[in-house]
Amino acid sequence: MSAVIDFFKKAKLPLLWTMWYVFVLWAIMRILFNFEIFSCANWIRVSHAHLRGLGGFVFFLVATTCIPLYIATTAIVIRTGKPLFTLPVPKIITKIMEKLFPKQPDTETQEIEQKTESMPDTRDTSLDNIPAEMHAIFLRARTRPRRIETPICSACSVSSNVYPNNNVPSEPTMPENDMPLPPDFDFDDTSSGPSMPSTPMFQDIDLGFGDANDTENENPVIDYLVQNERKFDIDDNDIIITDTAAIAVHDDKDFWIMDDPIWFASGKTRESPIEALRAAATEHNVRAVLYLGATNIMNVSEKIAEWEQSGIHIVTDLSDL
């Protein structure tokens with residue numbers, strides 16, 4: 001039973017709106033068209049009738065829009081929790097209702113008010129003249145008072161005079177230290193005792209620039225041409241020029257993204273050699289060749305098709321040169 005009561009309490013506004021909506025719809029249909037909406041026979045008769053003229057149009061409009069309009073307005077009432085229309089009640093009626101049905105105060109609120117009135121006022125009035133940001137500090141200092149017993153200086157005690165009569169400064173006291181000072185500062189490397197770490201000399205430091213005899217990694221195409229005793233030349237753009245081809249080389253194993261005019265990988269970039277390769281091939285009247293010693297390239301198949309379509313021959317094996 002309590003569940004039913006709770007349901008009606010929660011659905012109070014939608015139910016009241018439904019009652020008012022049905023009443024207004026019944027009044028409109030009854031007054032304007034002399035139509036009883038609660039009669040099944042009337043609805044059966046309307047379903048077989050032909051509506052003509054302005055009256056038929058208005059009746060059809062009201063009959064077809066009443067249900068969608070009810071759904072929309074009820075949804076608004078449920079969402080907002082307020083009625084769509086509030087009619088002001090005259091003050092005379094409210095006064096008569098208050099006299100006929102006086103409000104009874106809630107017993108729980110009365111008990112709370114009585115308890116609060118009977119409780120003594122324990123408010124701390126000492127904080128009235130103190131800024132709000134200082135309340136916590138003031139209360140902490142008042143609840144835990146503490147005298148400062150530390151002397152002003154380490155050479156003075158609590159009972160001694162801070163300002164002595166004699167103005168002669170006392171001898172400075174050396175702080176106690178576990179390591180005694182040596183009698184002299186002449187250290188001999190051959191003396192017994194803890195050995196000090198030797199200071200690193202300049203020739204002992206490895207600057208990390210590598211050995212002078214180290215050689216750079218050579219170009220695989222150059223090695224191949226040298227082994228096969230073929231003549232070649234290298235222009236300013238690192239394009240290898242032979243008697244039949246202009247060759248650009250890419251043999252880096254990192255993952256490269258070749259987006260003209262800049263190719264880039266993790267932590268490094270380089271200019272695209274495509275334009276320089278085309279210019280060198282046109283200048284020397286030879287074939288443009290791009291040697292791919294590494295194919296770890298994004299969209300490598302699409303890039304190869306694009307380069308070959310533009311007239312650049314792609315080589316992945318040195319024997320094809």
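Please read all numbers here as calculations on a predicted model, not as lab measurements.
- Residues I31 and L25 fall into different hydrophobic clusters, defined by Ile, Leu, Val, Met, Phe, Trp and Tyr side chains chained together at heavy-atom separations under 4.5 Å.
- More than 12 heavy-atom neighbours from other residues, nucleotides or ligands sit within 6.0 angstrom of CG on L61.
- Pairs passing the side-chain hydrogen bond (donor to acceptor under 3.5 Å, both in side chains) check and including a residue from residues 52-72, sequence neighbours excluded, read T18-Y70.
- If you chain together hydrophobic residues whose side chains sit under 4.5 Å apart, I76 and W17 fall into the same group.
- Legend: residues meeting side chain to side chain contact (heavy atoms under 4.5 Å, CB included) with S301, ordered by chain and number and at least two apart, are absent.
- Atoms OG and CZ, from S310 and R278 in turn, are 4.0 Å apart once rounded to the nearest 0.5 Å.
- With values rounded to the nearest 0.5 angstrom, T269 atom OG1 is found 12.5 Å from I257 atom CD1.
- Counting heavy atoms from C-beta on, the side chains of I234 and I222 come closer than 4.5 Å.
- The main-chain N or O of P220 is never found under 3.5 Å from a side-chain atom of Y291 such that the two would form a donor-acceptor pair.
- By the 6.0 Å contact criterion, CG on D317 is enclosed, its count of non-hydrogen atoms from other residues, nucleotides or ligands being greater than 12.
- Interatomic distance, F232 CZ to Y224 OH, rounded to the nearest 0.5 Å: 13.5 Å.
- Residues that satisfy the salt bridge (Lys or Arg N to Asp or Glu O under 4.0 Å) test with D254, not counting sequence neighbours, are K268.
- Not one N or O on the side chain of N237 forms a donor-acceptor pair closer than 3.5 Å with the backbone of A276.
- Within 6.0 Å of atom CG in D236, 12 or fewer heavy atoms from other residues, nucleotides or ligands are found, so the atom counts as exposed in its surroundings.
- Going from atom CH2 of W26 over to atom CD of E36 covers 6.5 Å, rounded to the nearest 0.5 Å.
- Formation of a donor-acceptor pair under 3.5 Å by the N42 side chain with backbone atoms of R45 is not found in this model.
- In the hydrophobic clustering, where aliphatic and aromatic side chains (Ile, Leu, Val, Met, Phe, Trp, Tyr) are joined below 4.5 Å either directly or transitively, I44 stands alone.
- Here the CG atom belonging to N228 is positioned 7.5 Å from the CG atom belonging to L225, to the nearest 0.5 angstrom.
- One hydrophobic cluster holds both V62 and F38 under the rule that ILVMFWY side chains link at heavy-atom gaps under 4.5 Å.
- The aromatic rings of F23 and W20 stand perpendicular to each other, their planes meeting at an angle above 60°, with 30° marking the opposite boundary.
- A 4.5 Å side-chain heavy-atom check between N219 and I240 finds at least one atom pair inside the cut-off.
- Under the 4.5 angstrom side-chain criterion for Ile, Leu, Val, Met, Phe, Trp and Tyr, the cluster partners of L277 are I239, I241, W256, M258, W263, I274, L290, L292, I297, V300, I304, W307, I312, I314.
- Classified by interplanar angle (parallel below 30°, tilted 30° to 60°, perpendicular above 60°), the ring pair F33/F59 is perpendicular.
- Rounding to the nearest 0.5 Å gives a distance of 11.5 Å between OG1 of T74 and CZ of R79.
- Contact between L13 and G81 at its shortest, heavy atoms only, is CD1-O, 3.1 Å.
- Here W43 and F35 bring their ring centres to under 6.0 angstrom of each other.
- A continuous path of hydrophobic side-chain contacts links V315 to L318 [ILVMFWY only; heavy atoms under 4.5 Å].
- Linking Ile, Leu, Val, Met, Phe, Trp and Tyr residues whenever their side-chain heavy atoms come within less than 4.5 Å leaves V77 and L16 in two separate clusters.
- Pairing each heavy atom of K303 with each of M298, the nearest pair is CG-O, 4.0 Å.
- More than 12 heavy atoms of other shown residues, nucleotides or ligands fall within 6.0 angstrom of atom CZ in F255.
- Among residues at least two apart or in separate chains, there is no side-chain hydrogen bond (donor to acceptor under 3.5 Å, both in side chains) pair with a member in residues 242-251.
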